[in-house]
Amino acid sequence: MAGATGPADTTALQTALVDWYTDSHRSFPWRETTDPYEILVSEVMSQQTQLSRVIDAWRAFLDRWPTTAALAAADRSDVVGFWSAHSLGYNNRATHLHEAAQQVETDYDGAIPRTPAELSELMGVGPYTANAVASFAFNAGNAVVDTNVKRVLYRAFEGIRDDDDPDYRPLANELLPDGTSRVWNNAVMELGAVACQQTPRCDEAECPLREWCHAYQTGDFTAPDVPTQPSFEGSRRQFRGRIVRLLGEHGEMELDALGHRVRVDYTPDGEYGREWLRGLLSDLADDGLVRTENRGERTVVRLE
């Protein structure tokens with residue numbers, strides 16, 4: 001996968017993302033625990049259910065079966081009945097979770113294994129879930145790669161697009177800081193869930209990767225689960241929308257200050273400089289949206 005590598009300054013990207021996550025991540029109760037059983041239950045429940053709906057079910061499940069021993073001793077029909085009553089998706093996930101608890105009690109002396117390889121031996125625990133539990137419970141996993149993470153990597157790093165069916169794991173693991181799988185994997189998944197959505201919210205969510213992101217710089221927000229390739233005009237619409245949002249926030253801005261906020265690679269005399277920016281502003285002026293004024297040596301742009 002030629003070119004599918006992280007930026008030269010990987011440390012700066014890592015710091016920016018972790019700081020963003022630490023400051024503004026959504027609060028879920030399973031993010032406040034390192035108990036591997038509680039995390040396993042949350043991962044299995046989340047496979048087919050919105051996280052906001054999982055919270056009450058997760059708490060109720062743990063109130064009823066607080067340990068693997070309690071779950072292993074339960075009647076399987078009770079577990080399946082709970083699963084169905086809370087609309088948690090396929091009932092076989094409940095039976096697998098029940099059987100996994102029995103495995104933990106009989107094969108692992110009641111202690112959930114710590115490594116992805118061992119966790120994968122539990123019933124119903126695939127590679128993703130095994131790695132997630134190892135990461136979030138023991139801080140001992142590799143990079144987690146789910147749909148949200150794939151979307152982030154595909155958009156941010158141009159080289160990943162060279163393959164029709166890319167393997168995201170090498171790049172994901174290259175970006176993973178040593179010994180931080182718990183916070184890092186949470187951070188990347190959170191980014192995909194709240195900022196790098198199918199319809200991206202780069203500026204609104206203050207995405208910390210904007211400085212490095214290929215999609216943000218080009219306006220091409222294609223992704224594996226966003227199959228429609230934006231046209232060139234679509235890319236221009238992306239930047240025009242960014243201009244309107246910025247002027248709405250600031251009232252008016254000097255030309256170059258606006259350019260630097262619209263594109264991180266803006267340079268006044270460069271390919272994406274004043275001439276390129278004036279072309280976008282001309283389109284917006286034709287639509288009656290913006291006005292450009294010369295005030296001595298200053299060029300100021302404001303909403304019409």
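Note: hydrogens, waters and symmetry copies are ignored here, and every other heavy atom, side chains too, is used.
- Put simply, Val300 and Val290 are part of two different groups of oily side chains (I, L, V, M, F, W, Y) that touch within less than 4.5 Å, one to the next.
- Heavy atoms of other residues, nucleotides or ligands lying less than 6.0 angstrom from OH of Tyr108 number more than 12.
- The shortest side-chain heavy-atom distance between His214 and Phe157 does not fall under the 4.5 Å cut-off.
- Inter-residue side-chain proximity for Ile39 and Ile112 is flagged as unmet; no heavy-atom pair is nearer than 4.5 Å.
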Item to check | Verdict with reasoning, Glu190 to Arg31, per salt bridge (charged side-chain N to carboxylate O under 4.0 Å, His left out) | outcome: CA-CA 12 Å; Glu190 182 79 351; Arg31 286 180 172 171; 2.8 Å; yes
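- The closest donor-acceptor contact from the side chain of Asn148 to the backbone of Val188 lies at 3.5 Å or more, if one exists at all.
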Checklist entry - Hey, mind stepping through Val79 and Thr95 against side-chain contact (heavy atoms from CB on, under 4.5 Å) and telling me if it holds? => result CA-CA 7 Å; Val79 180; Thr95 61; over 6 Å; no
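- Of all non-hydrogen atoms in Arg155 and Cys213, the two that sit nearest each other are O-SG, 3.8 Å.
- Taken to the nearest 0.5 Å, the CG atom of Leu62 stands 5.0 Å off from the CD atom of Glu38.
- Thr180 places a side-chain N or O within donor-acceptor distance of the main-chain N or O of Pro177, the cut-off being under 3.5 Å.
- Taken together through direct or relayed side-chain contacts under 4.5 Å among Ile, Leu, Val, Met, Phe, Trp and Tyr, Tyr90 and Val41 form parts of separate hydrophobic clusters.
- The CG atom of Leu119 sits 10.0 Å away from the CZ atom of Arg114 when rounded to the nearest 0.5 Å.
- Criterion: ILVMFWY side-chain heavy atoms under 4.5 Å apart, direct or through other members. Under it, Met189 and Val18 are part of a common hydrophobic cluster.
- Phe138 and Val183 sit in two unconnected hydrophobic clusters of ILVMFWY residues. Membership requires side-chain heavy atoms under 4.5 Å apart, directly or through other members.
- When only modelled atom types and interatomic distance are considered, Thr147 and Asp225 share no side-chain donor-acceptor pair under 3.5 Å.
- The distance from atom NE2 of His98 to atom CH2 of Trp65, rounded to the nearest 0.5 Å, is 8.5 Å.
- Screening Arg274, Arg298, Arg302 for a salt bridge (charged side-chain N to carboxylate O under 4.0 Å, His left out) involving Glu254 leaves a single residue, Arg298.
- Looking at His260 and Met253, their side chains never come closer than 4.5 Å, going by heavy atoms from C-beta outward.
- Looking at heavy atoms from C-beta onward, Gln217 lies out of side-chain contact with Trp212 at the 4.5 angstrom threshold.
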Next on the checklist: Determine whether Leu281 and Leu258 satisfy the following criterion, side-chain contact (heavy atoms from CB on, under 4.5 Å), listing intermediate values before the conclusion.
Outcome noted: CA-CA 11 Å; Leu281 294 172; Leu258 175 63; 4.2 Å; yes
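- Taking all atoms of both residues into account, the shortest heavy-atom contact from Val80 to Ala94 is CA-CB, 4.2 Å.
- To the nearest 0.5 Å, the span separating CG on Leu176 from OG on Ser135 amounts to 7.5 Å.
- Dense packing is recorded around CD of Gln198, with more than 12 heavy atoms of other residues, nucleotides or ligands lying under 6.0 Å away.
- When only modelled atom types and interatomic distance are considered, Asp35 and Thr33 share no side-chain donor-acceptor pair under 3.5 Å.
- Under the 4.5 Å side-chain heavy-atom criterion for Ile, Leu, Val, Met, Phe, Trp and Tyr, Val152 and Trp20 are members of the same hydrophobic cluster.
- Between Ser87 and Arg53 the shortest side-chain heavy-atom distance falls below 4.5 Å.
- The two atoms that bring Phe221 and Cys202 nearest to each other are CE2-SG, 3.6 Å, heavy atoms only.
- Going from atom CG of Asp265 over to atom CD of Glu211 covers 11.0 Å, rounded to the nearest 0.5 Å.
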Checklist entry - Going through the distances and angles, do Thr68 and Glu105 end up as a side chain to side chain donor-acceptor pair (under 3.5 Å)? => result CA-CA 7 Å; Thr68 53; Glu105 292 303 307; 2.6 Å; yes
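- Cation-pi geometry between Arg263 and Trp276 is met: under 6.0 angstrom from the ring centre, within 45 degrees of the axis.
- Aromatic ring orientation, Phe61 versus Trp83: perpendicular (interplanar angle above 60°, classes split at 30° and 60°).
- Although no hydrogens or angles enter the test, the distance criterion places a donor-acceptor pair under 3.5 Å between the side chain of Ser181 and the main chain of Gly141.
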Checklist entry - Going through the distances and angles, do Thr222 and Asp220 end up as a side chain to side chain donor-acceptor pair (under 3.5 Å)? => result CA-CA 6 Å; Thr222 307; Asp220 178 358; 2.6 Å; yes
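- With a 4.5 Å cut-off between side-chain heavy atoms of Ile, Leu, Val, Met, Phe, Trp and Tyr, the cluster of Val264 takes in Tyr216.
- Under a 3.5 Å cut-off, the side chain of Asn294 and the backbone N or O of Thr299 do not form any donor-acceptor pair.
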Next on the checklist: Please evaluate residues Arg210 and Asp203 with respect to the criterion salt bridge (charged side-chain N to carboxylate O under 4.0 Å, His left out), reporting the C-alpha separation (whole Å), side-chain torsions for both, the decisive distance (0.1 Å), and the verdict.
Outcome noted: CA-CA 8 Å; Arg210 286 174 291 181; Asp203 295 320; 3.0 Å; yes
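- A donor-acceptor pair shorter than 3.5 Å can be found between the side chains of Glu118 and Thr115.
- Proximity of a side-chain donor or acceptor of Gln197 to a complementary backbone N or O of Ala193 within less than 3.5 Å is detected.
- Taking 4.5 Å as the limit, some side-chain heavy atom of Asp78 sits within range of a side-chain heavy atom of Arg64.
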Checklist entry - Could you go step by step and tell me if Asn91 and Ser84 meet the side-chain contact (heavy atoms from CB on, under 4.5 Å) rule? => result CA-CA 7 Å; Asn91 287 340; Ser84 179; 4.0 Å; yes
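- Checked by atom type and distance alone, the side chain of Arg201 never pairs as donor or acceptor with a backbone atom of Ala195 at under 3.5 Å.
- For Asn131 (side chain) and Asn142 (main-chain N/O), a donor-acceptor pair under 3.5 Å exists by modelled atom type.
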Item to check | Stepwise side-chain contact (heavy atoms from CB on, under 4.5 Å) test for Tyr37 and Val104 | outcome: CA-CA 10 Å; Tyr37 171 62; Val104 170; over 6 Å; no
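- Heavy atoms from other residues, nucleotides or ligands lying under 6.0 Å from CD of Gln50 number 12 at most.
- Here the straight-line distance linking atom CG of Leu97 with atom CG of Asn92 works out to 11.5 Å at 0.5 Å rounding.
- Between Gln14 and Thr10 there is a side-chain heavy-atom pair separated by less than 4.5 Å.
- Residues Arg242 and Arg261 are not in side-chain contact: their nearest non-hydrogen atoms beyond the backbone lie 4.5 Å or more apart.
- The shortest heavy-atom contact between Leu175 and Trp184 is O-CZ2, 3.6 Å.
- The nearest pair of heavy atoms linking Ala70 to Pro66 is CB-CD, 3.8 Å.
- The aromatic rings of Tyr154 and Tyr168 sit tilted relative to each other, their planes meeting at an angle between 30° and 60°.
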